[in-house]
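Worksheet: one structure, shown below.
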Protein chains: 2
Amino acid sequence: MEDGLNLRSRQILEAIIEDYISTAEPIGSSAIRSRHGLSLSPATIRNVMADLEELGFLSSPHTSAGRVPTEKAYRFYVDSLLAVGGVDRGEREEIRRRCTMAGKDVEGVFRGVSQMLSSVSHYMGIVAAPSFNSNVFRQIEFIPLGGRRILAILVSQSGSVQNRIVELERDISADDLQKMTNYLNEMLHGLTISQVKGKIVREMEGERARYDEMLANALRLSQQALDDVGEEIFIEGQANILDLPEFADVQKMKDIFRAMEQKSQLLTVLDSCLKAPGVNIFIGSESHLNSMSGLSMITSTYVSGKNTLGVLGVIGPTRMGYGKVIPIVDYTARMLTRMLHVD
Amino acid sequence: MEDGLNLRSRQILEAIIEDYISTAEPIGSSAIRSRHGLSLSPATIRNVMADLEELGFLSSPHTSAGRVPTEKAYRFYVDSLLAVGGVDRGEREEIRRRCTMAGKDVEGVFRGVSQMLSSVSHYMGIVAAPSFNSNVFRQIEFIPLGGRRILAILVSQSGSVQNRIVELERDISADDLQKMTNYLNEMLHGLTISQVKGKIVREMEGERARYDEMLANALRLSQQALDDVGEEIFIEGQANILDLPEFADVQKMKDIFRAMEQKSQLLTVLDSCLKAPGVNIFIGSESHLNSMSGLSMITSTYVSGKNTLGVLGVIGPTRMGYGKVIPIVDYTARMLTRMLHVD
DNA sequence: GTTAGCACTCGGCCGACAAGAGTGCTAAGT
DNA sequence: ACTTAGCACTCTTGTCGGCCGAGTGCTAAC
């Protein structure tokens with residue numbers, strides 16, 4: 001075999017991985033034979049297992065336990081062994097049913113998809129909403145809230161709505177506010193949000209802003225409104241992992257919950273997926289986050305035209321059911337792509 | 001003593017409760033004396049403890065363990081024993097610093113307060129945002145998203161923004177959309193959201209809607225936009241409770257996380273607080289939610305003028321530091337009230 | 001190359017045992 | 001009548017040894 005494993009080794013490795021995925025317990029030599037109907041004696045299987053351990057695919061918790069797949073084994077499994085199936089009918093229907101925008105706010109759409117992913121996969125769902133910065137500006141509105149507070153509402157082409165409360169240093173008349181609104185909407189039309197940010201900075205430094213006080217105010221106001229529009233990540237179904245036996249240990253559970261609170265770390269991983277379209281799989285330490293030890297992540301990107309909008313996926317234990325989850329993630333990404341598509 | 005406990009019993013009960021709050025371990029007779037400098041022998045204390053157990057204030061896990069306060073004891077403690085202090089300087093500053101609206105969206109304000117509550121109290125923070133239904137309508141905008149999708153943005157007097165994606169059955173011109181917007185804004189001006197809902201239903205059944213198709217469309221659209229604006233609850237700092245020894249048991253931890261996922265149950269409790277202004281304390285089963293066993297909740301209301309807007313609070317173990325947390329919750333509620341106040 | 005046989009290893013489980021914490025009771029002291 | 005010293009009793013916790021079973025690695029025979 002081109003990858004250095006003969007057929008029998010591959011079969012046995014596959015059997016071990018699949019058994020381990022379903023039981024979460026170390027697999028012994030005789031368990032494999034009985035559960036997979038191989039016509040080999042346990043002794044032979046043991047020999048093969050010893051080789052596989054030598055090669056780094058298996059490890060044993062202690063001498064007299066069975067063997068457990070390593071990350072390398074899972075990687076080999078998803079790359080070479082796994083026949084990725086389809087999504088079965090019921091699940092397809094469920095995904096389709098729960099991928100709907102009607103009656104939700106934009107944020108709710110992504111949260112809903114994340115919830116759906118978690119409940120279909122039985123692991124955690126994760127959705128990174130489209131980066132607001134790469135969205136195209138559509139409209140800005142300022143609504144006076146009383147006092148010197150103003151509510152700025154910013155809408156992008158894709159329908160994302162951001163609102164910010166900004167505090168002014170001085171009073172401003174409703175009339176002036178309207179003028180500022182009109183001015184900004186005209187000036188910023190058709191730019192992406194990050195272009196908008198740049199433009200505002202340039203304008204503020206430009207000649208005109210120095211003489212036109214109202215313009216300067218408008219720019220300052222919009223800058224505050226755009227300040228710190230971070231990426232949003234929706235992680236749902238954390239309670240699902242509570243039932244997994246590998247996290248029965250309280251300490252491990254704590255680690256995971258802490259890790260999921262640190263969304264910025266996850267963001268860097270998800271960002272890297274933006275550049276790699278289609279399904280991506282991170283097994284354990286492959287994501288280079290030590291908070292992800294024991295966890296795997298399957299992601300895919302959703303797009304609009306040729307723009308990659310965002311990433312969604314499932315986070316589960318390394319022994320997750322890759323064969324089932326990969327198609328679910330893939331299908332969901334396609335659904336979300338289609339859903340966001342404007343005719 | 002009017003409540004049936006003489007001074008010494010009260011002192012001892014207080015000592016037990018406070019020791020238990022800080023150690024989470026059953027308190028023995030000699031521990032009390034050494035830690036509180038009482039000039040009584042352990043034997044005497046034991047007699048008193050036996051009486052307190054008789055009265056239902058204490059219980060012992062088993063014969064030879066110390067004693068543990070019951071819910072009744074905590075209730076007595078907060079009602080009669082506890083001298084509620086102030087908030088100390090550092091915490092007051094922290095609360096003040098983190099109660100700010102600037103640069104956040106409205107939702108972010110409440111989430112921020114919830115996070116602050118959790119980090120100051122070291123338990124979980126909970127904030128129920130003002131019920132959108134009781135807010136006053138300010139403005140509605142429809143933004144075409146392409147296809148037959150329309151983004152409806154609804155803004156209330158207090159600055160809450162709700163957005164919904166609605167799907168139309170037929171195409172509609174931008175011009176008509178603008179007319180509908182103007183019409184609705186005029187018609188609904190100054191009503192509360194729940195009045196708005198009622199008004200729309202009445203109008204739809206009225207004479208005019210039958211002849212004026214555009215009007216009918218406008219009503220239908222706004223109805224969808226208003227559909228199902230639920231109450232929002234922000235629970236933050238769940239990871240805090242992971243460190244508490246009483247939840248070291250995995251099963252209990254699961255129960256709590258599951259309970260916090262069911263926000264609707266909590267909502268009923270919080271709703272009942274809306275009617276009782278000021279600080280409310282629910283000890284264990286007092287909230288009549290069995291998911292709250294082992295947990296206590298301290299809440300207070302934040303108001304605007306004479307309207308109670310919402311509820312915030314802290315959820316922690318029944319043995320939580322009431323003396324510290326009660327003033328924190330109280331002070332935070334006042335801060336939020338002041339913050340939302342429009343000059 | 002495969003397999004039966006066998007000695008070996010190691011974790012999990014039980015029961016025994018000792019230590020420690022805390023109680024309740026009794027009897028003596030104030 | 002209240003307080004307290006003394007003491008026997010109870011119950012948990014931790015530790016130690018032994019047994020069992022699962023699973024391995026090795027060797028020798030097929």
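Just so we're on the same page: letters track the sequence lines, and every chain starts at 1. For the numbers below, each heavy atom of this structure counts, side chains included, while hydrogens, waters and symmetry mates do not.
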Pairs under 3.5 angstrom, nitrogen or oxygen only, protein versus nucleotides 6-15 of chain C, please.
from: C/dC10; atom 1: O2; to: A/S64; atom 2: OG; distance (Å): 3.0

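- At whole-Å resolution of the value, CD1 in A/I12 and C1' in D/dT24 are 15 Å apart.
- Rounding to whole angstrom units, CD1 of residue A/I45 and C1' of D/dG25 are separated by 15 Å.
- As rounded to whole Å, 11 Å separates atom C1' of D/dC2 from atom CG of B/L40.
- Residue pairs satisfying the salt bridge (charged side-chain N to carboxylate O under 4.0 Å, His left out) criterion with at least one member in residues 283-299 of chain A, sequence neighbours excluded, are listed as follows: A/R75-A/E286.
- Heavy atoms of other residues, nucleotides or ligands lying less than 6.0 angstrom from NZ of B/K252 number 12 at most.
- Atom pair B/D51:CG and C/dT23:P shows a separation of 14 Å (rounding to whole Å applied).
- B/D330 meets the side chain to side chain donor-acceptor pair (under 3.5 Å) test with B/R334; sequence neighbours excluded.
- Residue B/S41 places no side-chain N or O under 4.0 Å from the OP1 or OP2 atom of D/dT3.
- A search for salt bridge (Lys or Arg N to Asp or Glu O under 4.0 Å) contacts involving A/E18 returns nothing, not counting sequence neighbours.
- Every pair passing ring pair (Phe, Tyr, Trp, His ring centres under 6.0 Å) that includes a residue from residues 242-263 of chain B is listed here, sequence neighbours excluded: A/F257-B/F257.
- Residues from residues 13-31 of chain B lying near DNA chain D, meaning a heavy-atom separation below 4.0 Å, are absent.
- Atom-to-atom, CD1 of B/I32 to C1' of C/dG22 comes out at 12 Å; the value is rounded to the nearest Å.
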Quick test: give all pairs of protein nitrogen or oxygen and nucleotides 16-18 of chain C nitrogen or oxygen below 3.5 Å, distance rounded to 0.1 Å.
none

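- Residues in residues 47-66 of chain B take part in these salt bridge (charged side-chain N to carboxylate O under 4.0 Å, His left out) pairs, two or more places apart or across chains: B/E53-B/R67.
- One can place CZ of A/R67 at 9 Å from C1' of D/dG23, the figure rounded to the nearest angstrom.
- Rounding to whole angstrom units, CZ of residue B/R35 and P of C/dG22 are separated by 9 Å.
- The 5' end of DNA chain C is approached more closely, in terms of each residue's nearest nucleotide, by B/G66 than by the other of B/G66 and B/A43.
- Counted within 6.0 Å of CG on A/D249, heavy atoms from surrounding residues, nucleotides or ligands total more than 12; the atom is thus considered enclosed.
- Residue pairs meeting the salt bridge (charged side-chain N to carboxylate O under 4.0 Å, His left out) criterion with at least one member in residues 23-48 of chain B, sequence neighbours excluded, are B/D19-B/R35.
- Every residue two or more places apart in sequence or in another chain was checked for a side chain to side chain donor-acceptor pair (under 3.5 Å) with A/Y74, and none qualifies.
- As a whole-Å value, the separation of B/M49 CE from C/dC25 P is 15 Å.
- The side chain to side chain contact (heavy atoms under 4.5 Å, CB included) search around A/D271 returns A/L267, A/L274, not counting sequence neighbours.
- Note on residues 235-248 of chain B: pairs passing salt bridge (charged side-chain N to carboxylate O under 4.0 Å, His left out), not counting sequence neighbours, are A/K254-B/D243, A/R258-B/D243, B/R111-B/E236, B/E246-B/R319.
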